[in-house]
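Reviewing the structure listed below.
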Amino acid sequence: MGTERFWKILWAIAVWHNVIGGVGLIFLGDWVYVREGLHPPVPGVNYIRWMLLILVFAYIYYMVYKDLYNTENLVKAGIVGKIASASPDLYFLTFKTGVAKIFWITVCTDYTFAILFLIFLGFVKKQKALMAAPAASR
């Protein structure tokens, strides 16, 4: 976890996780709900808006991938976004109804990404401290 290569791979995975999820839900979202015996969310515009927001986060993660060291605020937005996305699903999957069981996958992956993004902020902080240290003390 302590290498730039690891974090580049992680951010690439985060991008593709959201691209596949967002695009997949645009085309297969209703099918997922029907398969689970549920009615697709109504009105559909809210559901589509959510799917497109997933793709916006994919773009944010791509920007982090391109510049690991100057995007801390985007990483923080990513952490908040992952928690904001996973928490209602966790609540409804645990205590209510209306969310397809397949969304346990996104609950688990979103919380995992949130934790990894937080760890990444520590990595960036450590790297910046190393770069700022005088050459003699390295």
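Hydrogens, waters and symmetry mates play no part in the numbers below; they use all other heavy atoms, side chains included.
- Between the CZ atom of Phe103 and the CG atom of Asp110 there is a distance of 11.0 Å, given to the nearest 0.5 Å.
- Hydrophobic clustering places Leu53 together with Met63 (ILVMFWY residues linked when any side-chain heavy atoms are closer than 4.5 Å, directly or through intermediates).
- What you find for Asn18 and Ala58 is that their closest heavy atoms are CB-CB, 3.6 Å.
- Separation of atoms CG (Asp67) and CH2 (Trp11) is listed at 12.0 Å; rounding is to 0.5 Å.
- The only option from Val75, Val124, Val15 that meets the side-chain contact (heavy atoms from CB on, under 4.5 Å) definition with Val64 turns out to be Val75.
- No side-chain heavy atom of Thr106 sits less than 4.5 Å from a side-chain heavy atom of Ser85.
- Between Gln127 and Tyr69, some side-chain heavy-atom pair lies under the 4.5 Å cut-off.
- A heavy-atom distance below 4.5 Å is not found between the side chains of Lys101 and Leu38.
- Counting heavy atoms from C-beta outward, Leu121 and Ile79 have side chains that approach closer than 4.5 Å.
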Give the intermediate values and the outcome of side-chain contact (heavy atoms from CB on, under 4.5 Å) for residues Ile54 and Leu25.
CA-CA 10 Å; Ile54 291 170; Leu25 286 173; 4.2 Å; yes
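- Residues Met131 and Trp7 fall within the same hydrophobic cluster, defined by Ile, Leu, Val, Met, Phe, Trp and Tyr side chains chained together at heavy-atom separations under 4.5 Å.
- Taking a 6.0 Å sphere around OH of Tyr59, one finds it holds 12 or fewer heavy atoms contributed by other residues, nucleotides or ligands.
- Heavy atoms of other residues, nucleotides or ligands lying less than 6.0 angstrom from NZ of Lys8 number more than 12.
- When every heavy atom of Val107 is checked against every heavy atom of Leu90, the shortest pair comes out as CG2-N, 3.8 Å.
- The number of heavy atoms from other shown groups lying within 6.0 Å of OH (Tyr111) is above 12.
- Ile83 contributes atom CD1, which lies 8.5 Å from atom CD1 of Ile115 (distance to the nearest 0.5 angstrom).
- Side chains of Tyr65 and Thr71: a donor-acceptor N/O pair is absent below 3.5 angstrom, by distance only.
- Side-chain atoms of Tyr62 and Trp16, non-hydrogen and from C-beta on, never get closer than 4.5 Å to each other.
- Counting heavy atoms from C-beta outward, Leu55 and Val23 have side chains that approach closer than 4.5 Å.
- Ile102 and Tyr33 fall within a single hydrophobic cluster, where Ile, Leu, Val, Met, Phe, Trp and Tyr side chains are chained together by heavy-atom contacts under 4.5 Å.
- Criterion: ILVMFWY side-chain heavy atoms under 4.5 Å apart, direct or through other members. Under it, Met1 and Ile9 are part of a common hydrophobic cluster.
- Ring-plane geometry between Tyr91 and Phe95 is classed as tilted, the angle between the planes lying from 30 to 60 degrees on a 0 to 90 degree scale.
- Outside the 6.0 Å centre-distance limit, the rings of Phe113 and Phe120 are not counted as a close aromatic pair.
- Distance check: Glu4 CD to Phe123 CZ gives 6.0 Å after rounding to the nearest 0.5 Å.
- Taking a 6.0 Å sphere around CH2 of Trp50, one finds it holds more than 12 heavy atoms contributed by other residues, nucleotides or ligands.
- By the criterion of side-chain heavy atoms lying less than 4.5 angstrom apart, applied directly or through intervening Ile, Leu, Val, Met, Phe, Trp or Tyr residues, Phe27 is grouped together with Ile105 in one hydrophobic cluster.
- Leu116 contributes atom CG, which lies 9.5 Å from atom CD1 of Ile13 (distance to the nearest 0.5 angstrom).
- Side chains of Phe57 and Lys82 form no contact here, defined as non-hydrogen atoms less than 4.5 Å apart.
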